[in-house]
Amino acid sequence: MMILKTLSIIKPDAVKKGVSGNIISMFESNGFNIVAMKKIHLSKKQAEEFYKEHSARPFYGDLCDFMCSGPVIVQVLERENSIKANRDLMGATNPSESDNGTIRKMYGDSIDNNAVHGSDSEESANREISFFFSDLEIC
Ligand code: CMP
């Protein structure tokens, strides 16, 4: 099994609720090494660029408005099989369909306000990591 990197975002709803520390703790207790992390407030343009693959979807406008409604915490997580492991830990996109013990079940309120984002493939992880971080910022 390969050690892989994945991009995680703690979304504005979870940052506002003050649960980002709990979420970071869940990453660490599930074997993820946090090799880069920062708190930023995305502009609308940055949110649109980050989520451009969803630009034709009906929820795109609301998603971009939400993602720039407050600060987010972005991290690069490293672990064996990290992309799938993080998606398992996050749970289903819609918190009401997530398994107990997952981040979205514990901290998400709706499919729009679902606490966290995680890369869905190696290709997305590479693009998303370089969207937020330079090589120099990754330990
Ligand atoms: P995320 O993993 O950040 O990827 C895109 C986001 O769009 C997703 O989480 C959801 O918060 C949001 N979204 C809203 N409606 C939908 C939908 N019907 N299907 C998928 N994602 C949706």
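In each ligand, atom 1 is the first atom listed, and ligand 1 is the first ligand listed.
For Arg104, every heavy-atom contact with ligand 1 shorter than 4.0 Å involves the side chain, none the backbone. With a 4.0 Å cut-off on non-hydrogen atoms, Leu63 touches ligand 1 through its side chain and not its backbone. The parts of Asp112 lying near ligand 1 are both backbone and side chain, judged by heavy-atom distances below 4.0 Å.
In this structure, Asn126 has no side chain to side chain contact (heavy atoms under 4.5 Å, CB included) partners at least two apart in sequence or on a different chain.
Under a 4.0 Å heavy-atom criterion, Tyr51 is in contact with ligand 1. Within the 4.0 Å heavy-atom shell around ligand 1 one finds Lys11.
Electrostatic pairing of Lys52 and Glu49 counts as a salt bridge here, judged by a charged N lying under 4.0 Å from a carboxylate O.
Closest to atom 8 (C) of ligand 1, if we only count protein heavy atoms, is Thr93 CG2, 3.8 Å. The protein heavy-atom contact nearest to atom 19 (N) of ligand 1 is Phe59 CE2, 3.7 Å. The protein heavy atom nearest to atom 12 (C) of ligand 1 is Ile111 O, 3.8 Å.
Residue Asn114 has at least one N or O atom closer than 3.5 Å to an N or O atom of ligand 1.
Less than 4.0 angstrom separates some heavy atom of His117 from each of these atoms of ligand 1: 1 (P), 2 (O), 3 (O), 4 (O).
Between Phe27 and Phe32, the two ring planes are perpendicular [angle over 60°; tilted spans 30° to 60°]. Ring orientation note: the planes of Phe59 and His54 are tilted relative to one another, at an angle of 30° to 60°.
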Report task. Check the pair Asn114 / Lys11 against side chain to side chain donor-acceptor pair (under 3.5 Å), numbers first and verdict last. Result -> CA-CA 8 Å; Asn114 64 352; Lys11 295 187 178 185; 2.7 Å; yes
Query raised in the report: side chain to side chain contact (heavy atoms under 4.5 Å, CB included) between Leu7 and Phe50: does it pass, once the steps are laid out?
Result: CA-CA 12 Å; Leu7 191 276; Phe50 181 79; 4.2 Å; yes
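The salt bridge (charged side-chain N to carboxylate O under 4.0 Å, His left out) pairs that include a residue from residues 107-127 are Lys17-Asp109, where partners are two or more places apart or lie in different chains.
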